[in-house]
Amino acid sequence: MRDKKHQFQKNINKIIFFGHSLGHADYSYFESLFDIYNIYDSNIELNFYYKKGSSDFLDRLSAQKTLEEIIKLLTSYGQTSTNQHGENIVNKLLLEQRLNLLPSPSINKGTL
């Protein structure tokens, strides 16, 4: 039987989240990932992509909803962190310019 251990790259500088619900059901996945890479004390950048809407209004709405989910996720994670100031993880990531919310790139369906 094959060993099912997953290997993570050791030297990374960015984690990209694309097409994730960021919901509570996925929390344990994020918690494991953040723990493995020691997100609070590292220099790793977190890039979250949101789905672009069909208008400027829907774009802003999608970005706002995604941002709210990111804040919930990181706040929950910070509250379980062993770091003394973990509850401030969102502010820390923002101040260190390590938290980014970006529109999803346009995909040309002809190249898929």
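Nothing here was measured: the structure is a model prediction, and the numbers come from that model.
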Trainee: For residues P103 and Y49, report the shortest heavy-atom separation together with the two atoms involved.
Mentor: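 Closest approach of P103 to Y49: O-CD2, 3.2 Å.
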Trainee: Do I70 and V90 have side chains that approach each other closer than 4.5 Å (heavy atoms only, starting at C-beta)?
Mentor: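 Result no, sub-4.5 Å side-chain heavy-atom pair not found.
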Trainee: Following the transitive rule for hydrophobic clusters with a side-chain heavy-atom cut-off under 4.5 Å over Ile, Leu, Val, Met, Phe, Trp and Tyr, establish whether L67 and L58 coincide in one cluster.
Mentor: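 L67 does not cluster with L58.
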Trainee: Tell me, do E87 and T75 make a side-chain contact under 4.5 Å, heavy atoms counted?
Mentor: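 They are not in side-chain contact.
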Trainee: Atom OG in S76, atom NE2 in H24: separation rounded to 0.5 Å?
Mentor: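 Atom-to-atom, S76:OG and H24:NE2 are 7.5 Å apart.
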Trainee: Between the side chains of E45 and N100, does any donor sit under 3.5 Å from an acceptor?
Mentor: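 Result is yes, a qualifying pair exists.
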Trainee: Given the ring of Y50, does K65 sit roughly above its face, with NZ or CZ under 6.0 Å from the centre of the six-membered ring and within 45° of the axis?
Mentor: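 Ring-cation test returns no.
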Trainee: Indicate yes or no: does E69 engage K72 in a salt bridge with an N to O separation below 4.0 Å.
Mentor: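 Salt bridge flag = yes for K72 with E69.
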Trainee: Can you get from F48 to L61 by hopping between Ile, Leu, Val, Met, Phe, Trp and Tyr side chains that sit under 4.5 Å apart?
Mentor: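 No; L61 is not reachable from F48 via cluster members.
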Trainee: To the nearest 0.5 Å, what is the distance between CG (L93) and OG (S42)?
Mentor: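 Rounded to the nearest 0.5 Å, the CG-OG separation comes out at 8.0 Å.
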Trainee: With no hydrogens and no angle check, is any side-chain donor or acceptor of S62 less than 3.5 Å from a backbone partner on K51?
Mentor: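 Such a contact is found between S62 side chain and K51 backbone.
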Trainee: Within a strict 4.5 Å, meaning less than it, do heavy atoms of the F18 and L102 side chains meet?
Mentor: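 The answer is no, as the side chains (C-beta and beyond) never meet within the 4.5 Å cut-off.
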Trainee: Honestly curious: do L95 and L74 fall in one hydrophobic cluster under the side-chain, below-4.5 Å linking rule?
Mentor: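 Looking at the clustering, L74 is in a separate group from L95.
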Trainee: Do I39 and I15 touch side chain to side chain, with heavy atoms closer than 4.5 Å?
Mentor: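 Yes; the side chains approach each other to less than 4.5 Å.
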Trainee: Looking at I44, is its backbone amide N or carbonyl O close enough to the side chain of R98 to form a donor-acceptor pair, meaning the two atoms are under 3.5 Å apart?
Mentor: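 Yes, the answer is positive, given that a donor and an acceptor are paired below the 3.5 Å cut-off.
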Trainee: Decide yes or no on side chain to side chain contact (heavy atoms under 4.5 Å, CB included) for Y37 and L46, but give the supporting numbers first.
Mentor: CA-CA 11 Å; Y37 289 113; L46 303 179; over 6 Å; no
Trainee: Could you point out which residue of L73, T66, L33 forms a side chain to side chain contact (heavy atoms under 4.5 Å, CB included) with F17?
Mentor: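 With F17 as partner, side chain to side chain contact (heavy atoms under 4.5 Å, CB included) holds for just one option, L33.
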Trainee: Test: ring pair (Phe, Tyr, Trp, His ring centres under 6.0 Å). Region: residues 59-78. Which pairs qualify, not counting sequence neighbours?
Mentor: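 Residue pairs with at least one partner in residues 59-78: F34-Y77.
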Trainee: Hey, could you give me the CG/CG distance between L94 and L99, rounded to the nearest 0.5 Å?
Mentor: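 Those atoms lie 5.0 Å apart.
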Trainee: Check side-chain contact (heavy atoms from CB on, under 4.5 Å) between D26 and all other residues, then give those that pass, not counting sequence neighbours.
Mentor: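 With sequence neighbours excluded, D26 shows a side-chain contact (heavy atoms from CB on, under 4.5 Å) to H20, S21, F30, given in chain and number order.
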Trainee: List for me each residue that meets side-chain hydrogen bond (donor to acceptor under 3.5 Å, both in side chains) alongside T80, sequence neighbours excluded, and say none if there are none.
Mentor: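 side-chain hydrogen bond (donor to acceptor under 3.5 Å, both in side chains) check on T80 returns Y27.
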Trainee: Determine, step by step, whether K14 and I16 satisfy the side chain to side chain contact (heavy atoms under 4.5 Å, CB included) criterion, reporting the C-alpha distance in whole Å, the side-chain angles of both residues, the deciding distance to 0.1 Å, and the verdict.
Mentor: CA-CA 6 Å; K14 188 179 296 184; I16 297 171; 4.1 Å; yes
